[in-house]
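Side-chain atoms are counted along with the backbone in the values below, which use heavy atoms only and exclude waters and symmetry mates.
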Amino acid sequence: MAEHEEQSGGVPPLDEEAAWAAIVAGYGQEPPDPPGARPFKPIENLLLPEEDVKPLPAEPEAVPEPKVEPEPPAVGLGSSVVFAPGVGMAGPRDHSLAEPREDDLTPADEGHFVQPEPELPPADTTSKFAWLAVVGGPVLLLLAVLLQWDMTWWLTTLGIGGFLGGFATLVARMQHGDDEDDDPGRGAVV
């Protein structure tokens with residue numbers, strides 16, 4: 001602490017021990033309001049005009065007995081939801097469903113619809129080999145890199161050529177007809 005003897009500009013150094021002692025001595029006490037600050041308003045007085053606000057006493061021990069005044073109607077402060085008269089403070093989250101009764105459902109309503117598994121169209125051999133080439137070409141090249149195989153011309157041709165050939169085959173075999181086909185396997189038509 002000897003190097004903190006005097007700061008530049010002739011200002012004496014801060015006594016850290018005294019500062020910590022002041023912090024510890026003031027622990028748990030509320031600091032005084034700054035000059036010109038408005039007094040704290042309790043929640044009961046928030047809706048009253050400024051001139052009718054009753055300031056709180058400074059010390060809680062000297063609180064006089066409060067006069068019993070009729071309470072204003074309960075108003076939700078900060079609420080942006082307005083309900084119709086007579087509804088009260090119940091909102092949409094207060095709604096509860098009615099208990100089901102035995103006569104609510106008819107025997108026809110008892111069951112529920114179970115969607116059948118969709119049938120995939122049968123894949124032909126050409127499409128199977130095209131998908132094998134599209135997926136297998138990059139996998140073959142990745143495997144060659146990971147296992148540090150020599151990149152021979154046939155390995156490169158098989159990987160890149162298989163991918164490009166399989167992709168071209170799949171694109172060429174896509175259906176390109178009009179939407180007015182009467183194919184029963186195409187789902188619902190609206």
Side-chain angles (χ1 to χ4, degrees), residues 1-4 7-9 13-14 16 19-20 23-24 27-28 30-31 34 40 43 46-47 74-190:
M1 291 239 183
E3 62 268 2
H4 292 84
Q7 296 175 350
S8 62
L14 176 68
E16 291 181 15
W20 278 109
I23 292 172
V24 171
Y27 183 76
E30 187 172 335
F40 172 75
I43 195 162
L46 284 178
L47 293 177
V75 177
L77 297 176
S79 174
S80 63
V81 179
V82 179
F83 296 103
V87 174
M89 295 307 290
R93 293 182 180 165
D94 297 327
H95 177 72
S96 61
L97 296 176
E99 293 295 323
R101 298 181 311 216
E102 289 295 324
D103 58 344
D104 284 347
L105 297 175
T106 63
D109 294 333
E110 290 287 330
H112 64 281
F113 176 73
V114 177
Q115 183 176 355
E117 288 291 323
E119 293 182 19
L120 295 175
D124 58 339
T125 307
T126 307
S127 295
K128 289 179 184 177
F129 278 112
W131 277 110
L132 179 67
V134 166
V135 174
V139 168
L140 178 67
L141 291 176
L142 182 65
L143 188 65
V145 168
L146 290 176
L147 297 178
Q148 297 179 353
W149 293 344
D150 290 335
M151 280 293 183
T152 59
W153 67 270
W154 64 269
L155 184 64
T156 307
T157 303
L158 191 61
I160 295 173
F163 173 76
L164 293 176
F167 184 77
T169 303
L170 289 174
V171 169
R173 293 178 53 92
M174 288 175 59
Q175 293 181 0
H176 43 285
D178 56 351
D179 291 338
E180 300 298 323
D181 292 339
D182 292 331
D183 187 6
R186 297 185 65 210
V189 177
V190 179

- Only pairs at least two apart or in different chains count here, so list each salt bridge (Lys or Arg N to Asp or Glu O under 4.0 Å) that has a residue in residues 138-149. none
- Task: Name all residues meeting the salt bridge (charged side-chain N to carboxylate O under 4.0 Å, His left out) criterion together with D150; count only those two or more places apart in sequence or in a different chain, and write none if there are none.
- Result: none
- Task: Determine whether L132 and F129 make a side-chain contact, defined as any pair of heavy atoms from C-beta on separated by less than 4.5 Å.
- Result: yes
Contacts under 3.5 angstrom, residues 133-144 side chains, donor-acceptor by atom type, not counting sequence neighbours:
none

- Item | For W154, all residues meeting side-chain hydrogen bond (donor to acceptor under 3.5 Å, both in side chains), sequence neighbours excluded | T152
Can I get a per-line list of side-chain donor-acceptor pairs under 3.5 Å for residues 159-174, giving both atom names and the distance, sequence neighbours left out?
unit_1, atom_1, unit_2, atom_2, d
T169, OG1, G165, O, 2.7
R173, NH2, D124, OD1, 3.3
R173, NH2, D124, OD2, 2.1

